[in-house]
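For reference, the structure is listed below as structure tokens.
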Amino acid sequence: MSIYNHKKIESKWQKIWKKNQVFSAKDSLKGKKNFYHLVMFPYPSGDLHIGHWYNFGPADVYARFKRLQGFNVMSPIGFDAFGLPAENAAIKRKIHPEKWTMANIKTMTKQLGSLGNSYDWSRMVITCLPEYYKWNQWLFLKFFENGLAYRKKAAANWCPSCKTVLANEQVVEGRCERCNTQVEQKEIEQWLLRITDYAERLLEDLMVLDWPERTKTMQKNWIGKSEGAEIEFPVADSGLKIKVFTTRADTLPGATYLVLAPEHPLITTLGARIINQSAVKDYLEQANHKTELERLTENKSKTGVELKGLNVINPFTKKEIPIWVSDYVLVGYGTGAIMAVPAHDARDFEFAKTFKLPVIKVVSEDGKDEELQEAYTEDGVMVNSGDFNNLPNSIAKDRIIEIVGAKKKINYKLRDWLISRQRYWGTPIPIIYCKVCALREPSGQGIVPVPEKDLPVVLPKIKDFNPDDSGKSPLAKSEKFFKVPCPKCGEPAERETDTMDTFFDSSWYFLRYADPENKEVFADEKRIKSWLPVNMYIGGAEHTVLHLLYSRFFTKFLYDQNYLNFKEPFLALRHQGTILGPDGQKMSKSRGNVIDPDELVEKFGADSVRMHLCFMSEYNQGGPWNPTGILGVHRFLGRVWNLMSEKLKVKIEKEEGEKINPVLEKLLHKTIKKVGEDIEAFKFNTAVSALMILVNAIEKNPQLEISNWKLVIKLLAPFAPHMTEELWNKLGNEESIHLSSWPEYDEKLVAEEDFELLIQVNGKLRDKLMALKNISQEEAEKLALGQEKVKEALGAKKPKKIIFVAGRLINIVV
RNA sequence: GCUCGGGUGGUGAAAUGGCAUACACAGCAGACUUAAGAUCUGCCGCUGUUAAAAGCGUGUGGGUUCGAGUCCCACCCCGAGCACCA
């Protein structure tokens with residue numbers, strides 16, 4: 001018996017696969033359908049950790065399975081190489097981000113090789129190379145040409161530690177997603193992409209996607225569609241009107257005041273008429289200085305100030321009501337102003353209680369008008385509403401919209417995507433500002449796009465890439481970089497020195513894999529057509545409102561521009577869970593609970609590691625790492641090797657097989673069915689356990705023909721690619737097992753002729769016996785009532801009712 | 001607060017409304033071995049018993065059903081996401 005030497009055999013096959021380009025995907029293969037299988041490309045942070053393995057390992061099981069099923073599979077890999085961590089680490093270690101990043105890519109590429117995954121290495125994409133980011137810039141220009149990229153000065157989320165602005169999606173509970181620092185608001189000029197133009201389509205097309213419901217729901221909530229109406233409130237003694245957005249127009253009769261966001265422009269416009277100007281000014285100042293976090297942690301208690309001297313007219317009641325300013329109204333949503341209906345909105349109720357404002361109930365559950373202890377937000381019938389009294393509020397809603405001449409309106413929570421970053425290690429934004437041109441155009445901005453022929457705008461090698469509080473990128477310190485002649489008029493001008501959010505890079509990388517070396521376009525149309533959209537996309541759930549939303553937006557934009565013939569990039573999506581440290585905490589170097597995959601591979605081999613990751617829990621679940629758990633599959637693979645190498649040697653020498661044991665044959669075909677179905681459903685854990693059951697049975701009675709042994713090896717191939725390749729090769733096969741075919745099961749063998757009939761009395765199991773699958777109820781009853789244990793359980797009682805489930809059980813009810 | 005997930009042996013976990021705990025890990029006992037390790041065999045929810053029989057068991061309480069881990073209602077706990085979005 002030879003002991004399985006994983007080190008020797010795994011590296012042997014990894015070299016052969018790479019050398020023979022076994023997994024290089026041809027754009028088309030005769031008689032085979034293309035299948036684009038993709039894992040989220042890693043960030044080159046240093047080393048591959050077990051989380052990468054958990055993503056990539058089982059994902060590769062799926063890829064190999066699809067390949068065996070007869071698909072022409074492309075499984076590419078690359079690096080999401082721009083971004084803050086590279087820069088921060090580089091600053092700390094005093095080496096250039098590029099050097100650091102490329103060194104990490106080298107290490108990680110080597111590690112990726114040790115996984116033995118079926119990647120097409122020829123399609124490697126690295127986003128920090130000019131050949132790649134040139135197309136970021138090209139895409140940016142396309143957005144700009146179409147009015148979807150625009151520059152705006154406004155308060156933005158500023159991370160004082162990263163010293164850059166962040167997209168809304170990158171702010172988590174008022175803190176920076178990366179470094180957990182409190183985010184501040186900073187007025188700064190920046191570039192945004194008009195993703196909000198696509199809100200409705202991003203929402204609608206979610207329906208057709210084979211994505212986890214949870215992820216779809218999260219995107220849906222993030223887009224946050226809400227249907228309502230815009231109602232105008234005339235300002236008393238003035239020609240002005242204040243627009244509010246509401247989803248509850250039915251409650252308009254109960255609107256007892258209006259609230260403006262502190263940033264609402266009307267506060268300035270009407271400034272002169274405000275009596276208590278200094279109090280208002282104080283409040284605005286105070287609101288302005290609150291950080292995002294303060295607003296969140298203040299327990300949502302309400303603050304505000306009345307604009308004394310000003311009133312508006314409720315268009316339903318025609319009564320004058322006051323105007324207040326409060327920071328619980330957000331300037332970025334709706335119209336930045338609300339009608340307050342304290343009786344039917346929890347926030348308004350709290351505000352009204354705080355400032356002793358009138359509460360008028362207009363919707364009632366039972367038609368009565370009692371004093372409210374809290375806001376009533378359910379449906380009901382109208383009260384205190386004149387002609388509308390006793391009408392269901394849902395009907396009143398539309399009528400009120402009509403009589404006050406309001407417009408129906410849809411709002412979204414989604415904001416435009418802020419893509420400028422005041423950092424060095426990213427794609428330069430291809431824009432030049434020209435003061436001369438500015439004078440000639442009405443906007444006066446002088447924004448001149450870099451001509452396509454001048455792309456890429458190469459990120460210069462500078463020495464000082466430390467960020468500062470100036471709100472400008474380190475590139476602003478390099479005159480060589482930013483001082484350029486204007487491409488339009490030739491006069492001296494300045495480049496944009498901000499770089500792009502790295503989510504820009506990852507919003508289209510999956511297109512580049514189709515044609516990674518193209519110098520003329522971001523990817524050739526035909527090559528895109530042959531591969532995209534992605535058939536199966538696998539990665540963590542942490543990107544649900546970032547990468548996955550942005551990629552959908554890019555795809556829809558490129559579809560509109562006729563570059564793509566599909567509207568959604570990822571037809572199917574699956575998430576892996578998160579593996580925690582053995583202590584149940586998130587793995588981190590500072591906690592010292594990090595599991596090093598290289599050590600595991602060294603000790604147990606890549607096959608054992610990937611198979612254990614498949615086996616340890618449901619794929620989308622994850623959980624704490626159990627240090628001894630891997631022994632299970634490791635022993636299993638050892639037993640497989642012993643069984644096969646020993647038995648097969650004898651068999652091959654004899655060149656004849658024994659007839660397969662019929663019980664085993666049935667189990668084999670059932671296993672073929674189960675393993676195939678389970679892999680398709682991403683239930684890798686039960687697929688592995690089915691394989692264990694099969695091998696356990698074979699070990700007890702290893703009576704199989706050579707052809708059956710081959711089926712078993714094929715079933716194991718996606719899980720243990722190296723070992724099975726070696727066994728396959730030993731059997732005299734020239735071509736890789738991974739290019740062979742997935743076994744088919746025999747329907748007849750999967751179907752059972754007989755079964756174990758369960759006999760229950762009052763639903764409690766009392767006995768069981770073997771019976772034919774097609775046994776009739778009469779026969780079953782007779783058999784069951786004849787059983788000693790049944791007689792005992794029945795005693796003197798007579799059966800009242802007998803439930804018979806064909807092919808399963810009989811239940812005697814007394 | 002709202003929206004999703006989830007709660008099953010000592011542990012990771014299985015289970016189209018029909019045998020709860022498959023498959024493993026750990027543990028215990030035995031075989032092999034000078035020994036250790038590796039490997040192999042057996043046991044392994046709780047109560048009970050020499051052993052069995054029997055009873056009890058899927059977060060808690062109720063319900064539907066011949067039959068509930070699974071469906072319904074209420075509650076408790078854990079995890080994730082969102083969070084003053086009118």
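Residue numbering restarts at 1 for every chain, and letters A, B, ... go by the order of the sequence lines.
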For [X], which contact category applies under a 4.0 Å heavy-atom criterion: base, sugar-phosphate, or nothing?
{"X": "Arg766(A)", "value": "sugar-phosphate"}
{"X": "Asn685(A)", "value": "sugar-phosphate"}
{"X": "Phe636(A)", "value": "nothing"}
{"X": "Ile338(A)", "value": "base"}

Compare the minimum distances between each of [options] and the side chain of [X], then state the nucleotide with the smallest one.
{"X": "Phe245(A)", "options": "A86(B), C66(B), C23(B)", "answer": "A86(B)"}
{"X": "Asn811(A)", "options": "C23(B), G67(B), U16(B)", "answer": "G67(B)"}
{"X": "Leu765(A)", "options": "G55(B), C84(B), C19(B)", "answer": "C19(B)"}
{"X": "Ser617(A)", "options": "U3(B), A22(B), G12(B)", "answer": "G12(B)"}
{"X": "Trp222(A)", "options": "C82(B), C25(B), A24(B)", "answer": "C82(B)"}
{"X": "Thr246(A)", "options": "C66(B), C84(B), A86(B)", "answer": "A86(B)"}
{"X": "Ser689(A)", "options": "C23(B), G18(B), A86(B)", "answer": "C23(B)"}
{"X": "Gln760(A)", "options": "A86(B), G18(B), G55(B)", "answer": "G18(B)"}

Original post:
Is G27(B) syn or is it anti, if syn means the base angle is within 90 degrees of 0?
Top reply: anti

Original post:
For Pro342(A) and Val359(A), which heavy atoms make the closest approach, and how far apart are they?
Top reply: CB-CG2, 4.0 Å

Span that lies between the [atom1] atom of [M] and that of [N], in whole angstrom:
{"N": "A51(B)", "M": "C43(B)", "atom1": "P", "result": "16 Å"}
{"N": "A20(B)", "M": "A13(B)", "atom1": "C1'", "result": "13 Å"}
{"N": "G55(B)", "M": "U16(B)", "atom1": "C1'", "result": "30 Å"}
{"N": "G7(B)", "M": "G69(B)", "atom1": "P", "result": "14 Å"}

So, OP1 or OP2 of [N]: does either fall under 4.0 Å of a side-chain N or O from [X]?
{"X": "Gln621(A)", "N": "A13(B)", "result": "yes"}
{"X": "Arg214(A)", "N": "A80(B)", "result": "no"}
{"X": "Tyr333(A)", "N": "A86(B)", "result": "yes"}
{"X": "Lys683(A)", "N": "A15(B)", "result": "yes"}
{"X": "Asn696(A)", "N": "A24(B)", "result": "yes"}
{"X": "Arg635(A)", "N": "C25(B)", "result": "yes"}
{"X": "Thr686(A)", "N": "A22(B)", "result": "no"}

Original post:
Checking Thr196(A) side chain against Asp416(A) main chain: does a donor-acceptor pair fall under 3.5 Å?
Top reply: no

Original post:
When you look at Phe349(A) and Phe351(A), which way does the ring pair (Phe, Tyr, Trp, His ring centres under 6.0 Å) test go after all the steps?
Top reply: CA-CA 5 Å; Phe349(A) 186 85; Phe351(A) 191 82; over 10 Å; no

Subject >> Residue whose closest nucleotide on RNA chain B lies nearer the 5' end, Glu618(A) versus Lys700(A) >> reply: Glu618(A)

Original post:
Got a second to check how far Lys683(A)'s NZ is from Ile679(A)'s CD1, nearest 0.5 Å?
Top reply: 13.0 Å

Original post:
Step by step, would you call Lys216(A) with Met207(A) a side-chain contact (heavy atoms from CB on, under 4.5 Å)?
Top reply: CA-CA 8 Å; Lys216(A) 290 208 256 183; Met207(A) 311 290 176; 5.8 Å; no

Original post:
Would Tyr745(A) and Glu747(A) satisfy side-chain contact (heavy atoms from CB on, under 4.5 Å), going step by step from the backbone distance to the final call?
Top reply: CA-CA 6 Å; Tyr745(A) 60 88; Glu747(A) 280 291 352; 3.7 Å; yes

Original post:
If a stem is a run of at least 3 consecutive Watson-Crick or G-U pairs, both distances under 3.5 Å, which stems include RNA chain B?
Top reply: B:1-7 with B:76-82, B:10-12 with B:23-25, B:27-31 with B:39-43, B:45-47 with B:54-56, B:59-63 with B:71-75

